[in-house]
Amino acid sequence: MVPIQSTFGLGDALFFVPFVVIAVVIFAFAGAVVYLEHRKEMALIESGHYDEVGRDSRAWILGGGLLVLALGLGSVVSALLSGGAVGDGVTAVFVGLAALAYYFYKRRAVGTTAA
């Protein structure tokens, strides 16, 4: 009887463990953020302050910043994994980070003037 030969060994399986762990951590973090946002919105609804949050005009900056950051990071990672030149991904990463920094700066500025 001839044993089944496979080129997929334990070393190859261990190579993918960090990627699986990173994916699980990302999903757990996203789940925690969604849960905390839900609790915050429920508390705002119960206290009657939910209408004030709905009028925030900075929400598009947060969404746009996250989108550009994700696109830029995806471009950089794919370029590094394929061995090619990085290209415009780095620029998109910095634009996304700048939009996120602007959002949190304005959030803090509005929070200190309202208090």
Side-chain angles (χ1 to χ4, degrees):
M1 191 157 152
V2 178
I4 299 175
Q5 296 180 357
S6 173
T7 59
F8 191 76
L10 181 63
D12 294 331
L14 291 178
F15 173 77
F16 291 107
V17 168
F19 298 111
V20 171
V21 169
I22 289 173
V24 168
V25 167
I26 288 172
F27 283 126
F29 180 72
V33 167
V34 168
Y35 174 72
L36 290 175
E37 281 294 318
H38 174 71
R39 286 187 48 131
K40 180 182 88 171
E41 287 184 6
M42 291 299 114
L44 286 171
I45 289 170
E46 289 176 1
S47 66
H49 296 294
Y50 189 72
D51 292 336
E52 297 171 7
V53 174
R55 289 185 242 140
D56 189 7
S57 63
R58 298 175 316 238
W60 68 271
I61 295 172
L62 178 62
L66 289 173
L67 180 66
V68 172
L69 180 66
L71 289 173
L73 285 176
S75 175
V76 168
V77 169
S78 67
L80 291 176
L81 290 178
S82 68
V86 174
D88 295 333
V90 176
T91 305
V93 168
F94 285 120
V95 168
L97 288 175
L100 293 176
Y102 174 77
Y103 172 79
F104 288 112
Y105 171 75
K106 291 301 265 185
R107 180 178 174 191
R108 179 174 290 186
V110 168
T112 57
T113 58

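- Residue L14 is grouped with residue V21 when hydrophobic side chains (ILVMFWY) are merged at heavy-atom distances under 4.5 angstrom, including chains of intermediate members.
- Residue I22 is tested with I26, V25, V20, V24 for a side chain to side chain contact (heavy atoms under 4.5 Å, CB included); the sole match is I26.
- Both V93 and F104 are assigned to one and the same hydrophobic cluster, defined by single-linkage of ILVMFWY side chains at heavy-atom distances under 4.5 Å.
- For the atom pair H38 NE2 and M42 CE, the distance stands at 4.5 Å (nearest 0.5 Å).
- Residues L73 and L67 fall into different hydrophobic clusters, defined by Ile, Leu, Val, Met, Phe, Trp and Tyr side chains chained together at heavy-atom separations under 4.5 Å.
- The two residues A99 and G65 make their nearest non-hydrogen contact at CB-CA, 3.6 Å.
- The one candidate from V68, L71, L69, L100 that meets the side chain to side chain contact (heavy atoms under 4.5 Å, CB included) condition with V95 is V68.
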